[in-house]
Amino acid sequence: MSKAKFQNSSGIEVKPVYEPQDIPQEGGGRGGSGIEKPGQFPFTRGIHESMYRGRLWTIRQYAGFGTAEDTNRRFRFLLDSGQTGLSVAFDLPTQMGFDSDHAMAEGEVGRVGVAIDTVDDFAVVFDGIDLSQVSTSMTINATASILLAMYIALADERGFPRSELAGTVQNDILKEFIARGTYIFPVEPSLRLLTDIFKFCAEELPRWNSISISGYHMREAGCTAAQEIAFTLANGIEYVERALARGLEIEDFAPQLSFFFAAHNDLFEEVAKFRAARRLWAILLRERYAASDRAARLRFHTQTAGSTLTAQQPLNNVVRVALQALSGVLGGTQSLHTNSYDEALALPTAPAARIALRSQQILAYESGVADTVDPLAGSYYIETLTAQLEERAQAYLAELERRGGSARSIAWIQDEIGRAAYAYQLEVESGERVIVGVNRFRDEESEHRIEQPAFPELEGRQRQRLAENRRSRDDDAVERALQRLSEAARGDDNLMPLIIAAVEARATLGEVSDTLRQLWGEYRAAS
């Protein structure tokens, strides 16, 4: 960005020097100076008293490669390399509720993640992995209930108690409508499925996070740091309201809510963003719902920003990712994924994934940043910026409340993100915002080539596996299970037990999705 402006992504002017009087005495009007003790409400300095001195963040790498066998090999590689949690990427047909042999899946099977059609695919993905000893995050939304059901069915069949299963299902459908686009059902039935998962997890999966409320994808679409805070928390409030309307108590489900933020290049803005989001969420839940400390803690996963990775001079991305990961750690993240340097070109290669993993391990064990809690606390700049971001986020939240909440404001949020993304792109194209290796410091370099899988062959193997599954199952049992699901979906019963029963009978992901499609229809975005 032009040094003549000295302005961050949220439009906040950066002063040359910060002094004590710059720090608002009531951060954002309500939050305090942020120099309260760690582990104390409103948790500006972190949700735990000892933070990483007691336990490091969960080190994850996002992975999903073509077939279940490919993904299992990558998971074993990452676990052997010291990863402490798994994060599953699914291909687009799986995300959109289509089996691998559906016409809409042609040419897309396994291209951006693993293809999952049945519980048997999951059995291969997690072959040789103790589900009671790993935390599994699944980046899935419209079909979240089905993938979670398959994971539970697999654990049941392998004899793992549900009470021991730990992980997260993304399950954030509003951000799909707003920014990402992998939705299936209309808004209201989608939110009904979401709260079914809340209730089921509260009763059956005490160690499972029932949602990962994701600002990441809105930031990838171009929103600012302040917008990322506001739109993410607004979606969170919408989900809380829906859960309360279904009869859940705030203390029953709020402790299982988790969040997912991006980490971008402006180190100090990102640190302040994480602190401001944590403080503002705690205050909102305490003021509106009388939430306890346990329910008001904002726990979050961080992923370095895919949109900042460059295909030009891709090795530069190693530095970008390390800086972004540092912001997540300094901001108090509970879980972290570091992108591989070659992800602007293709799915990450194993050597690039190892470097990304080692970046986290160097931060954890060599840098010293985990030795003390919130090491930037008290910085005149950080405390001022935390308060400024909180204040800007509050203004967006007030506007969203005036408009009736985020579920009724999808188009407005999209417009706000679009304006921010357009302004950013103009800065890049004019050279006002410097992207090293792209619009400045460019080199003449040879093309960076990555060998691609034989996707047509991969798709053929997956379709054959699916055909074998259909031949070997009890079709009558599948039909009965899907009929019971259809009947329940017409009422207000929790659908999770019925989806579990259907996938246990070896109903496919597409068959479960189609059962609900026939009843609810599909969402159509406003043109």
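Because only heavy atoms are used, hydrogens play no part in the values below, and waters and symmetry mates are left out as well, while side chains stay in. For the single chain, residues carry numbers from 1 onward in sequence order.
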Considering only NZ, NE, NH1 and NH2 on the basic side and carboxylate oxygens on the acidic side, decide whether [X] and [Y] come within less than 4.0 Å.
X	Y	value
E399	R403	yes
E270	K273	yes
D196	R192	yes
D121	R465	yes
R320	E343	no
D120	R473	no

Would you confirm whether [X], through its side chain, and [Y], through its main-chain N or O, come within 3.5 Å as a donor-acceptor pair?
X	Y	result
D172	S214	yes
D342	P314	no
D99	D101	no
Q462	V109	no
Q95	N141	no
T143	G97	no
Q361	S81	yes
E504	A153	no
S10	A226	yes
T94	I116	yes

So, taking the atom named [atom1] in [X] and the one named [atom2] in [Y], what distance separates them when rounded to the nearest 0.5 Å?
X	Y	atom1	atom2	value
R490	L485	CZ	CG	10.0 Å
T232	K175	OG1	NZ	10.5 Å
R242	L191	CZ	CG	4.5 Å
T182	H217	OG1	NE2	7.5 Å
L309	N317	CG	CG	4.5 Å
R219	H264	CZ	NE2	4.5 Å

*Which of these, F259, F274, F261, sits in a ring-ring contact (aromatic ring centres under 6.0 Å, His included) with W281?*
F259

Minimum heavy-atom distance between [X] and [Y], given as atom pair plus value:
X	Y	answer
R470	D475	O-OD1, 3.9 Å
T139	S87	OG1-OG, 4.3 Å
S132	E164	CB-OE1, 3.1 Å
L257	R299	O-NH2, 2.7 Å
C201	L148	SG-CD2, 4.1 Å
L498	A488	CD1-CB, 3.1 Å

*Hey, does the Lys NZ or Arg CZ of R517 hover above the aromatic six-ring of F98, less than 6.0 Å from the centre and inside 45° of the axis?*
yes

*asked:* Is there a side chain to side chain contact (heavy atoms under 4.5 Å, CB included) between T58 and Q334? Walk through the geometry before answering.
replied: CA-CA 6 Å; T58 300; Q334 277 63 67; over 6 Å; no

_If you apply the rule side chain to side chain donor-acceptor pair (under 3.5 Å), what do you find for Q303 with N339, and how did you get there?_
CA-CA 7 Å; Q303 180 173 340; N339 290 329; 3.0 Å; yes

*Quick check: are there more than 12 heavy atoms from other residues, nucleotides or ligands sitting under 6.0 Å from CG of D130?*
yes

*Hey, is CZ on R408 packed in by over 12 heavy atoms from elsewhere, all under 6.0 Å?*
no

_Sequence-distant partners of E487, salt bridge (charged side-chain N to carboxylate O under 4.0 Å, His left out), two or more places apart_ =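 Expected list: none.
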
Taking the inter-plane angle between the rings of [X] and [Y] on a 0 to 90° scale, is it parallel (under 30°), tilted (30 to 60°) or perpendicular (over 60°)?
X	Y	value
Y151	W208	tilted
F198	F253	parallel
Y523	F177	tilted

Is any side-chain heavy atom of [X] less than 4.5 Å from a side-chain heavy atom of [Y]?
X	Y	result
L509	D117	no
S100	E459	no
L205	R162	yes
I499	V512	yes
Y216	H301	no
F200	I152	yes
L147	V88	no
Q324	N265	yes

*Could you check L397, I178, I417, L174 and say which one makes a side-chain contact (heavy atoms from CB on, under 4.5 Å) with F231?*
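So, applying the side-chain contact (heavy atoms from CB on, under 4.5 Å) to F231 and each of L397, I178, I417, L174, only I417 qualifies.
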
Scan the side chains in residues 418-425 for donor-acceptor partners under 3.5 Å anywhere in the protein, sequence neighbours excluded, and list what turns up.
from : atom 1 : to   : atom 2 : distance (Å)
R419 : NH2    : E416 : OE2    : 2.4
Q425 : NE2    : E429 : OE2    : 3.1

*side chain to side chain donor-acceptor pair (under 3.5 Å) between Q483 and R480, worked out*: CA-CA 5 Å; Q483 182 60 36; R480 288 193 299 270; over 6 Å; no

*asked:* Does R60 form a side chain to side chain donor-acceptor pair (under 3.5 Å) with S335? I'd like the steps, not just the answer.
replied: CA-CA 7 Å; R60 296 188 187 277; S335 172; 3.0 Å; yes

_Quick one, L400 with I237, criterion side chain to side chain contact (heavy atoms under 4.5 Å, CB included). Give me CA distance, side-chain angles, the key distance, then yes/no._
CA-CA 11 Å; L400 282 165; I237 292 298; over 6 Å; no

*asked:* Could you go through S9 and E228, starting from their C-alpha distance and side-chain angles, then the distance that decides it, and tell me whether this counts as side chain to side chain contact (heavy atoms under 4.5 Å, CB included)?
replied: CA-CA 11 Å; S9 77; E228 185 184 2; over 6 Å; no

*After noting the C-alpha distance and the side-chain angles of R111 and D91, does the key distance pass the side chain to side chain contact (heavy atoms under 4.5 Å, CB included) rule?*
CA-CA 6 Å; R111 283 191 177 268; D91 71 358; 5.9 Å; no

*Is it true that the side chains of Q256 and S210 contain a donor and an acceptor less than 3.5 Å apart?*
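Q256 vs S210: no donor-acceptor pair found between side chains.
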
